[in-house]
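Here the structure is laid out as structure tokens; the discussion comes afterwards.
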Protein chains: 2
Amino acid sequence: MHESAWERDEGAGPKLDGELRSAFGIREEIERRVRSGIWAPGERLTSERDLAEHFETTRVTLREALSMLESEGRLYREDRRGWFVAPPRLVYDPTERGTFDRTARAQGRVPVTRLLDFAVVPCAPRVSALLALPVGLPILRIRRQRFLDGRAVLYVEHHLQPDAFPGLETADLTGSMTEIYERDYGFSYGGMVFEITTVGLHPAAAEPLRMAVGSPGLLVTRAHDDRAGRRVDCDFEYWRHDAILVRVAA
Amino acid sequence: MHESAWERDEGAGPKLDGELRSAFGIREEIERRVRSGIWAPGERLTSERDLAEHFETTRVTLREALSMLESEGRLYREDRRGWFVAPPRLVYDPTERGTFDRTARAQGRVPVTRLLDFAVVPCAPRVSALLALPVGLPILRIRRQRFLDGRAVLYVEHHLQPDAFPGLETADLTGSMTEIYERDYGFSYGGMVFEITTVGLHPAAAEPLRMAVGSPGLLVTRAHDDRAGRRVDCDFEYWRHDAILVRVAA
DNA sequence: AAGTGGTCTAGACCACCAG
DNA sequence: TGGTGGTCTAGACCACTTG
């Protein structure tokens, strides 16, 4: 019976009062408003207390409905800041290199990158596995935060061998890493590997994404080789799960 | 401060009573038991009421903790059946063809496929976009359910042109579709495209996965061409988000 | 300072699953 | 049929964001 929620024509009428008061009914009504454009992408919803009153229910039930829409990617929240209508997903191809800015602009979005920090740190086990370096060896770590139309959608960690990139700290680290590699160090890429998996966000990723710790995220891990087959770098991309659609042609 | 939850050594001691009673503290304690193997993969947890009593909290808070672990992929639930410890993820490469069985066995898992149905249906819009066929044209749809070690992890819909595969209904549809194409119809593949995105499960996918409608899932969409560049088929794979890790070498 | 989201309590009823 | 998970109520306090 509820199957209709996913098959319904756009123009279907409002639900009965009884259904409106359940979490599922509220979910449907909000989804209808979002799809019809009554609530526009990026718009902040009114407070949970107001919405709960409007739907004649409690905050717990209302939040249940909002959470459903969050896991579907129609709404998103910023920790303690409120609920917002989710913008369209960015179509993203992890096999291409240094394309965040270009891809975003090609899709009519406004990308911004912020450098969080730049440090030499001991090689962590997961990095060791990807770069084939001993755990504890000093390596370069660059952490960045990336925005789409003002919304933080991505937290990235780049890990690379420090001796292969002397003087990297003087480069502009808010653009494409690939361009820097090519222009300043004459690197050209060979193969690559990527992984995609769902994760619960740890604090280091949750905070720059303005999400609550433990929220679901999509982790895209990438590792690149140069033409000689040497592993050059790897990165860990923590995406808001609702901000991205991966598309790859093989 | 809570950052330690993701960095802590395996052998760290139990938390203070105060922390144990918060959803986050409970999350940590359960995670510890899962990681240490006290609770084994596939094992069913005791009832929510028992757990709530054990942690001296209410069911609402307890469920909050369980939900965190669910979104992290450490626990999973089967609708109305209870909570279970999640088995390891299947490492899966969508660019390979017909590999569910082989991949699963190579990773020491026991795969099973069940045919749900086989029908000629009107071409849906999303299928039309992938197969470049008019909406409404009759096409073949095969729906299957796939298990890993007895757990339903995948619901798949295959869509193909009926006239290209006469007599397909007589084949064994619980194995690799690719093998059937090649052996019975002499097809050989050219390129392919795949997409990965998070979704809220609609009823048709949620039910065979034994999940609640609206739960988060991972949708892997694939479309294959033959060597002449003709689009042969497409499929929609709805995975339990915690059952899969996509890995692709490009 | 006010209002917000995040969290928690202590109940309750229902539909469903298993014994 | 008893126990389970799913859902819901009607409050409450706190930390934080915002004006």
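Since the model is a prediction, treat every value here as computed from it, not as a measurement.
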Phosphate contact (C:dG5 OP1 or OP2) by A:R44 side-chain N/O below 4.0 Å: yes

Could you check whether A:E48 pairs with A:R77 (Lys NZ or Arg NE/NH1/NH2 to Asp/Glu carboxylate O, under 4.0 Å)? no

Report yes or no: is the cationic atom of A:R151 (NZ for Lys, CZ for Arg) closer than 6.0 Å to the six-membered ring centre of A:F84, at no more than 45° off its axis? no

Would you tell me if any nitrogen or oxygen in the side chain of B:S22 comes within less than 4.0 Å of OP1 or OP2 on C:dT7? no

Taking OP1 and OP2 of D:dT9, is either one under 4.0 Å from a side-chain nitrogen or oxygen of A:T57? yes

Any chance you could list the contact pattern along nucleotides 13-19 of chain C? Use B for base contacts, S for sugar-phosphate-only contacts and - for none, protein heavy atoms under 4.0 Å, 5' to 3'. B-BS---

Is it true that A:E70 and A:W83 share a donor-acceptor pair across their side chains at a distance under 3.5 Å? no

What pairs with A:Y155 under ring pair (Phe, Tyr, Trp, His ring centres under 6.0 Å), at least two apart in sequence or on another chain? A:Y238

Would you mind reading off the distance between A:L51 atom CG and C:dG3 atom P, rounded to a whole angstrom? 17 Å

Decide, yes or no, whether a salt bridge links A:E53 with A:R49 under the criterion of side-chain N to carboxylate O below 4.0 Å. no

May I ask you to say whether A:E157 pairs ionically with A:R126, meaning some side-chain N is under 4.0 Å from a carboxylate O? yes

Does D:dC8 have OP1 or OP2 sitting under 4.0 Å from an N or O in the side chain of A:T58? no

Gap between atoms CG and P, on A:L62 and C:dT7 respectively (whole Å): 16 Å

